[in-house]
Amino acid sequence: MTKKWWHDKVAYQIYPKSFYDSNGDGIGDIPGIIRKLDYLHDLGVDIIWLSPCYQSPLADQGYDISDYYAIDPRFGTMEDMDLLLAEAKKRNMYIVMDLVVNHCSDEHEWFKKACEDPEGKYGNFFYLRDKKEGELPTNWRSYFGGPVWDDLPGTNKQYLHVFHKKQPDLNWENPELREEVYKNINWWLDKGLGGFRIDAIINIKKALPLHSYEPDREDGLCSVKTMLKEAHGIGEFLGEMRDRTFKKYDAFSVGEVFDEKPEEIPDFIGEDGYFSSMFDFNETIFGASENGWYDSAPVTPDDYKKCCFDAQKRVGNIGFLSNIIENHDEPRGVSRYIPEGDCCVKSKKMLAALNFMLRGLPFIYQGQELGMENKPFTSIDEIDDINSINEYQVALDAGCTPQEALKAVSKFSRDNARTPIQWSDEANAGFTTGKPWLSVHPNYTTINVNAQMDDPDSVRSFYKELIKLRKSPEYSETVVYGTFEPAWEDQHNLMAYYRKGEKTLLVIGNYQKEPQDVTLDAPYQKVVLNNDAGLAKDGNTLHLQGYQVVILEM
C-alpha cells in the first residue's frame, strides 16, 4: 500500500448547527467552531469533517443545497470559512466538507430554470417525466416515505427525488451536470479544503430505463434500494470524478457507500480507488427491518463483534475503512451498542477502544468523546428530524400504539446525535446564551466538557489516550498499518483481536457486566492501555472485570 498523508490521522465530525453558538441565536456556527479548534487540537484531532453549512432552506438540515458556492447566513460568511481554513492550517489540521451531489435543493438556480423551461438545458440536469393522470412514472418509495415523484411546478411534468421532495435528484447521465459538479469541487479544493465526505453517492446511478418493481408494502410502492441493486456502471462516474478532482490535489475523500459488492471494494478504496476510504456501516444497518424502525432488532454484543469482524475481513489489506460508532444520521452509539442499563463510564471506554483499534481511520462524532447518550423524548412534538416523524407514522400505521411508536423512534432518531454539545453545566449546556434550536440532553450537568477536561478517568481522557497511542512512535506503524486478526471469536460476550505489525498488540474487551476469564497463548509483555485500575491474572489466564478492556503488547 502506498502510504498517504491521511493514513495515521484521527477524524472528528462536526454537526455545525449543534456544535457551538457564538452569537446567541441558538444555532451553532463557523465562528463557534473556530473558537473551539484548540479543544479539538488538544484532543488530538487532525481532520475535521463539517456537515453541510452551505446555503440551504434546511428541509433536510443542510443536505438540500441551494448554492454550492455560498455559506448559509445561519452559520456565518465565506470570510468565516476562509478564517476557519487558515486557523485549522496553523494547527496542522485539515477541514473536510460534505459533498452532496446526488441531489440539490428545489430552491437551487438549476431547478428554478428547469421549472421555467423543462425542455431546455437545465431540465436535463434532473430526471423529469411527463405527468400521467393517476399513474406515477415508477412506484419507488423515497427514503423519507411516499413516492419519489412530485409535480414540477408550473409544468405538466414530474421530477424524481429519492429523498425529500425539496431534494430533486441530479441527472448524472448528463455530462454538462457532471462538469458543474467537478468545477465546484475544484473551486473548494483551490481554497485549501483538505477533501470531502461524499454523501449518498451510491444513488447517483439509476437503473435505466426507469421502471417499477414488485411492491413491498401495502402502499403499493417498493423501496428505492430495489432499483439500486439493478443499477450498474457507477464506476464510470466515480472514476471520472476522482481523476478530475481529488487525485489532482491529493485530497482526502471518504464515501458514504452502502451495499457495495465484495468484488467492488478494490474499485472503491484500493490502490487507485475512487475514494481514499469509505465508512463501515455494518453495525449501523444491523437489525434493520424493511417494515420500519418499530420492527428493528437490537444489537447484542456478539452481533456488534460479528459486524466489526465481518467488515474487517471483507476489506482486509485492500484499503482503509473509516470506522464509526455514530454519526449525524444515527443514534448515540453508547445507547445502541451497550446493553440497556449498562451505560456507564467503564462500558463507554470499552466500546471506544474496541472500535478505535480496528484497522482503518477512526472517526469521532461530536460528543462521542464525552460519552453523550440518547435523549429521552416524551412526545413526538419534541422531535425535529423529518425521517423520525415519518417512521413514527409508519409505526402507527403498522398498529403500534403512540407510546410504542415513540419508543421505537426515540431509540433510532437522528435527533439523538443532533442535540447540542454539552460544554458545561451552565444553562443550555454552555452551547448558547439564547434558546437552542434543539433542546439539550437533561444529563448535561454531569456529562460535559468542563467536567471531563482535567479528569484523568473521564471518557474524554480515555479517547485522548487512544489517540496518543495511534500516533506514538512506538506503536503507530502497528496501529495504522498492522494486520487485523480476530481472537476467541466464539467466546460469548468477548471481543478480542490482534493488530500485528512491527509489534503485536492484543485488544480484549469483556462485553458484559459479569467478570469473564480468557487464557492467553503466551505471556504478555506490557499493559498498554486499561480502563480498569488493574488486571487480575493467574498465570496466562486473565480475570477480566465487567466491561474491562485492555490493550496488551505481546
Do the ring planes of [X] and [Y] sit parallel (below 30°), tilted (30 to 60°) or perpendicular (above 60°)?
{"X": "F246", "Y": "F275", "value": "tilted"}
{"X": "W6", "Y": "F252", "value": "tilted"}
{"X": "Y304", "Y": "Y337", "value": "tilted"}

Between [X] (side chain only) and [Y] (backbone N and O only), is there a donor and an acceptor less than 3.5 Å apart?
{"X": "T77", "Y": "D80", "result": "yes"}
{"X": "T504", "Y": "M554", "result": "no"}
{"X": "N428", "Y": "F431", "result": "no"}
{"X": "W172", "Y": "I234", "result": "no"}
{"X": "K348", "Y": "G371", "result": "yes"}
{"X": "Q368", "Y": "Q366", "result": "no"}
{"X": "N203", "Y": "A200", "result": "yes"}
{"X": "S56", "Y": "S66", "result": "no"}
{"X": "N416", "Y": "K375", "result": "yes"}
{"X": "E264", "Y": "K261", "result": "yes"}

Let me confirm one number: the [atom1]-[atom2] distance from [X] to [Y], rounded to the nearest 0.5 Å.
{"X": "Y475", "Y": "L469", "atom1": "OH", "atom2": "CG", "result": "7.5 Å"}
{"X": "Q452", "Y": "D457", "atom1": "CD", "atom2": "CG", "result": "11.0 Å"}
{"X": "K9", "Y": "L361", "atom1": "NZ", "atom2": "CG", "result": "10.0 Å"}
{"X": "Y498", "Y": "L506", "atom1": "OH", "atom2": "CG", "result": "5.0 Å"}
{"X": "R74", "Y": "N23", "atom1": "CZ", "atom2": "CG", "result": "13.0 Å"}

With the threshold set at 4.0 Å, does a side-chain nitrogen-carboxylate oxygen contact exist between [X] and [Y]?
{"X": "K305", "Y": "D310", "value": "no"}
{"X": "E485", "Y": "R499", "value": "no"}
{"X": "E326", "Y": "R332", "value": "yes"}
{"X": "E477", "Y": "K503", "value": "no"}

- Task: With sequence neighbours excluded, tell me which residues meet side chain to side chain donor-acceptor pair (under 3.5 Å) with D169.
- Result: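 D169 satisfies side chain to side chain donor-acceptor pair (under 3.5 Å) with N102, K206 once adjacent residues are dropped.
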
Check: [X]/[Y] side-chain N/O donor and acceptor closer than 3.5 Å:
{"X": "E426", "Y": "N450", "value": "no"}
{"X": "S413", "Y": "S388", "value": "yes"}
{"X": "N443", "Y": "Q422", "value": "yes"}
{"X": "Y497", "Y": "Q312", "value": "no"}
{"X": "H441", "Y": "E373", "value": "no"}

- Task: Could you walk me through whether K3 and D8 pass the salt bridge (charged side-chain N to carboxylate O under 4.0 Å, His left out) test, one step at a time?
- Result: CA-CA 9 Å; K3 294 192 174 181; D8 61 350; over 6 Å; no

- Message: Cation-pi check for W187 against K183: NZ or CZ below 6.0 Å from the six-membered ring centre and within 45 degrees of the axis, yes or no?
- Response: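 The answer is no, since K183 fails at least one limit relative to W187.
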
Salt bridge (Lys or Arg N to Asp or Glu O under 4.0 Å) pairs, two or more places apart, involving [range]:
{"range": "residues 50-67", "answer": "D60-R414"}
{"range": "residues 11-32", "answer": "none"}
{"range": "residues 38-49", "answer": "D38-R91, D42-R460, D42-K464, D46-K471"}

side-chain contact (heavy atoms from CB on, under 4.5 Å) partners for [X], two or more places apart:
{"X": "E330", "answer": "T284, N327, R336"}
{"X": "C307", "answer": "N282, E283, F286"}
{"X": "N317", "answer": "R359, T483"}

- Message: Centre-to-centre under 6.0 Å for Y68 and H108, is that the case here?
- Response: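 Under 6.0 Å, so yes.
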
- Can the ring centroids of F196 and W188 be said to lie less than 6.0 angstrom from one another?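 No; W188 has its ring centre 6.0 Å or more from that of F196.
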
Only counting residues at least two apart or in another chain, list the ones meeting ring-ring contact (aromatic ring centres under 6.0 Å, His included) with [X].
{"X": "H161", "value": "Y159"}
{"X": "F75", "value": "none"}
{"X": "Y463", "value": "none"}
{"X": "H41", "value": "none"}

- Pairs where residues 352-373 contributes a residue and the test ring-ring contact (aromatic ring centres under 6.0 Å, His included) is met, not counting sequence neighbours: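 Counting only pairs at least two positions apart or across chains, the ring-ring contact (aromatic ring centres under 6.0 Å, His included) contacts touching residues 352-373 are F279-F363.
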
- Query: Where do E369 and Y39 land on the side-chain hydrogen bond (donor to acceptor under 3.5 Å, both in side chains) test, with the steps shown first?
  - Reply: CA-CA 12 Å; E369 77 278 15; Y39 166 80; 2.6 Å; yes

- Query: H232 and K205: which non-hydrogen atoms are nearest, and at how many Å?
  - Reply: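 Nearest pair, atom of H232 first, then K205: O-CE, 2.9 Å.
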
- Go through the steps for I47 and Y12 under the test side chain to side chain contact (heavy atoms under 4.5 Å, CB included), then give the verdict. CA-CA 6 Å; I47 296 172; Y12 186 99; over 6 Å; no

